[in-house]
A.B. asks: 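Structure provided below as structure tokens; questions to follow.
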2 protein chains.
Amino acid sequence: MSRHKKSMGSTPGGHDAKKELFDGFASVAKVMSSGRRAEIVDVLAQGERPVDEISREIRQSIANTSQHLQLLLRAGLVKSRRDGTRIYYSLSGPAVIRLWAAVRDVAVEHLAELDDLATSYLGDRSSLTTMTRDELRERIGDGDLMLIDVRPEAEFRAGHIAGAASVTIKELETRLDQLPNDRLIVAYCRGPYCVYADNAVRILTRHGMKAARLEEGFPEWKEAGLPVEASNTNASGA
Amino acid sequence: MSRHKKSMGSTPGGHDAKKELFDGFASVAKVMSSGRRAEIVDVLAQGERPVDEISREIRQSIANTSQHLQLLLRAGLVKSRRDGTRIYYSLSGPAVIRLWAAVRDVAVEHLAELDDLATSYLGDRSSLTTMTRDELRERIGDGDLMLIDVRPEAEFRAGHIAGAASVTIKELETRLDQLPNDRLIVAYCRGPYCVYADNAVRILTRHGMKAARLEEGFPEWKEAGLPVEASNTNASGA
DNA sequence: GGCATATTCAAGTAGATGCTTGAATTTTGT
DNA sequence: ACAAAATTCAAGCATCTACTTGAATATGCC
């Protein structure tokens, strides 16, 4: 309650109802306007996680992570559930995944400096073979292709692309002999800006194997309504 | 350059490249995190406009409006072009419209208080007949339906749904006799949270005519790739 | 050139934000 | 009931944000 320059609202209600409504919309964007909260959303898009794991993931103090989560909660982007002494957070619905994807899309298309930022985080991607979602969907049953999920195992257990095998990057080098030499290996992880799959493809090609990365990640696959499965031992492992 | 608690970046590049990348994504959301800038995006989704018109539309000083536009410009959400002494701003691409739609969707689905805010701005919508985009698309050629665009005429000229007639709310009451009594009149305006169409439907039904509002607005119609047309006299009129 | 119009720039202020540290709360295991 | 673990709450500080006012810039018209 402060300024009033001209008359009032456009037509109906009364005071500055329009301002308040648009402030309401903006509050959703505001909560995504922190890089740390964006990281949180990116992680939670893989499945629910307790506070301390999220805090480690985004490399912030637990108190600070908790406050970010409170904000996300108040804005309705995430929900929480208690299990014993832990509190698990997860995205409140698929609309949030679409929002996060829309933010990235705009950044990629229209933010000049983003290419540099991405390159400095992900390294040079020009030599990586990639595969689109549609291409994978068509070839996934063909038998001349193996699909590996290179995210942390807990996320694989919480949900993964149907038919994928879990091979974390940590294990990758030691399990090379278990991977086929004659088939194309497709790796995927959290999303288009996740390093795991890039690294996996680099390691595999360095060892003379045929490898490609799925351009997007698990959340986009699931959001598109494509087949997923879960090894539901218990949402998120230790 | 301040905090460093644990080690460093996740895997590749080096320093805090991940932090910077996600800060980059977040900067896109940040620019949408002001209600006033959201209003600007909502207006620019209808077509390009000069600064002073935008300033009037959002009921803010010209200086303040200009600063908001600078921010939107730096973040890549809008572009500008000079024509004589005026500078016209417009959205930089369809991804921005998708972003704005995603923000609204999340707000509607997950923000508890939004219903109240919307009701206080738009009034009680429960008695309004509505029509979905798909329904309109199917029935638009049938002849038992008239489509009217109730936005300001400048926006109609910049682009409108193919087959629509321009009838601003100001004119509406005086032009009632020009509207059919036996056909359903469908009104649309800027988007799902635009008051014009609501008011038009209320006026029409009060006068005993059959009327409905299109649930969404022109930008969503265009974004869906459905047929549009323009009376290109000159983008935005005076 | 000089005046008018449209827009941007610059400086100032009240208020919000992100992170920190340390204490308070809630649940589990004994 | 008591200690341990996970999380939240509260206070504090440095920084950033939104708006205001007034001056500066750029274009068009005479």
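Every chain is numbered from 1, with letters handed out A, B, ... down the list of sequences.
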A.B. asks: Can you check whether B/Tyr88 has a side-chain N or O nearer than 4.0 Å to OP1 or OP2 of C/dT7?
C.D. replies: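 B/Tyr88 to C/dT7 OP1/OP2: no side-chain N or O under 4.0 Å.
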A.B. asks: Would you kindly give the CD1-to-P distance between B/Ile87 and C/dT5, to the nearest whole Å?
C.D. replies: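 Between P of C/dT5 and CD1 of B/Ile87: 17 Å.
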A.B. asks: Once you round it to whole Å, what is the distance between P of C/dT26 and CG of A/Asp83?
C.D. replies: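 Whole-Å distance recorded here is 18 Å.
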A.B. asks: Should the pair A/Asp23-A/Lys19 be classified as a salt bridge under the 4.0 Å nitrogen-to-oxygen rule?
C.D. replies: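 Judged by the 4.0 Å cut-off on N to carboxylate O distance, A/Asp23 and A/Lys19 do not form a salt bridge.
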A.B. asks: A/Tyr193 versus A/Val108: any side-chain heavy-atom pair under 4.5 Å?
C.D. replies: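 Yes, close enough: below the 4.5 Å cut-off.
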A.B. asks: From the list D/dT17, D/dC19, D/dG22, which nucleotide is the closest neighbour of the side chain of B/Ala63?
C.D. replies: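 Side chain of B/Ala63 sits closest to D/dG22.
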A.B. asks: B/Leu69 near the nucleic acid: base, sugar-phosphate alone, or nothing, with a heavy-atom cut-off under 4.0 Å?
C.D. replies: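 Counting heavy atoms under 4.0 Å across all strands, no contact is made by B/Leu69.
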A.B. asks: Would you indicate which nucleotide in D/dT21, C/dT7, D/dT7 comes nearest to any side-chain atom of A/Arg86?
C.D. replies: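 Selected nucleotide (nearest to the side chain): D/dT7.
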A.B. asks: Does B/Thr168 reach the main-chain N or O of B/Val150 with its side chain, forming a donor-acceptor pair under 3.5 Å?
C.D. replies: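 Between the backbone of B/Val150 and the side chain of B/Thr168 there is no qualifying donor-acceptor contact (under 3.5 Å).
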A.B. asks: Distance check needed: D/dC19 P versus A/Lys19 NZ, whole Å only.
C.D. replies: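 Taking atom P of D/dC19 as the reference, NZ of A/Lys19 is at 7 Å.
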A.B. asks: Between A/His160 and A/Phe156, how do the two ring planes meet: parallel, tilted or perpendicular, split at 30° and 60°?
C.D. replies: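 Rings of A/His160 and A/Phe156: parallel, under 30°.
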A.B. asks: For A/Asp52 and D/dT8, give me the distance from atom CG to atom C1', rounded to whole Å.
C.D. replies: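 So the two atoms are 14 Å apart, to the nearest Å.
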A.B. asks: From D/dA5, D/dT8, D/dC19, pick the nucleotide closest to the side chain of A/Thr85?
C.D. replies: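 Minimum distance to the A/Thr85 side chain belongs to D/dA5.
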A.B. asks: What integer distance in Å separates A/Ile62:CD1 from C/dG18:C1'?
C.D. replies: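 A/Ile62 atom CD1 is separated from C/dG18 atom C1' by 17 Å.
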A.B. asks: Identify whether any heavy atom of A/Asn64 sits under 4.0 Å from a base atom; if not, whether one sits that close to sugar-phosphate; answer base, sugar-phosphate or nothing.
C.D. replies: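 The residue A/Asn64 makes base contact.
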A.B. asks: Roughly how far, to the nearest 0.5 Å, is the CG atom of B/Asp149 from the CZ atom of B/Phe218?
C.D. replies: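 Separation between the atoms: 8.5 Å.
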A.B. asks: Taking the side chain of B/Ser61 as its heavy atoms from C-beta onward, which of D/dT20, C/dT8, C/dT7 lies nearest to it?
C.D. replies: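 Nearest listed nucleotide: D/dT20.
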A.B. asks: To the nearest Å, how far apart are B/Arg82 CZ and C/dT8 P?
C.D. replies: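 Spelled out: CZ on B/Arg82 to P on C/dT8 is 8 Å.
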A.B. asks: Is the shortest side-chain N/O distance from A/Lys30 to OP1 or OP2 of C/dT17 below 4.0 Å?
C.D. replies: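 True: A/Lys30 side-chain N/O within range (under 4.0 Å) of C/dT17 OP1/OP2.
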A.B. asks: Could you give the CZ-to-P distance, from A/Arg37 to C/dC19, as a whole number of Å?
C.D. replies: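 So the two atoms are 8 Å apart, to the nearest Å.
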A.B. asks: Between D/dA10, D/dA18, D/dC19, which nucleotide has the shortest distance from any of its atoms to the side chain of B/Gln67?
C.D. replies: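 Nearest listed nucleotide: D/dC19.
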A.B. asks: Side chain of B/His68 only, please: which of C/dT20, D/dC19, C/dT7 is the nearest?
C.D. replies: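 The closest nucleotide is D/dC19.
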A.B. asks: Which residue lies toward the 5' end of DNA chain C, A/Gly84 or A/Ser33, if each is placed at its nearest nucleotide?
C.D. replies: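 Whichever sits nearer the 5' end wins; that is A/Ser33.
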A.B. asks: Hey, is the side chain of B/Ser66 poking within less than 4.0 Å of OP1 or OP2 on C/dT7, counting only N and O atoms?
C.D. replies: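 No, because none of the side-chain N or O atoms of B/Ser66 sits under 4.0 Å from OP1 or OP2 of C/dT7.
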A.B. asks: If only side-chain N and O atoms of A/Tyr89 are considered, is one of them under 4.0 Å from the OP1 or OP2 phosphate oxygen of D/dT8?
C.D. replies: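 Indeed, a polar side-chain atom of A/Tyr89 lies that close.
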A.B. asks: Are A/Ile54 and A/Leu44 side-chain neighbours, meaning at least one heavy-atom pair lies under 4.5 Å?
C.D. replies: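 They are in contact (side-chain heavy atoms under 4.5 Å apart), so the answer is yes.
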A.B. asks: Just how far, in rounded Å, is P of C/dG18 from CG of B/Asp23?
C.D. replies: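 Spelled out: CG on B/Asp23 to P on C/dG18 is 11 Å.
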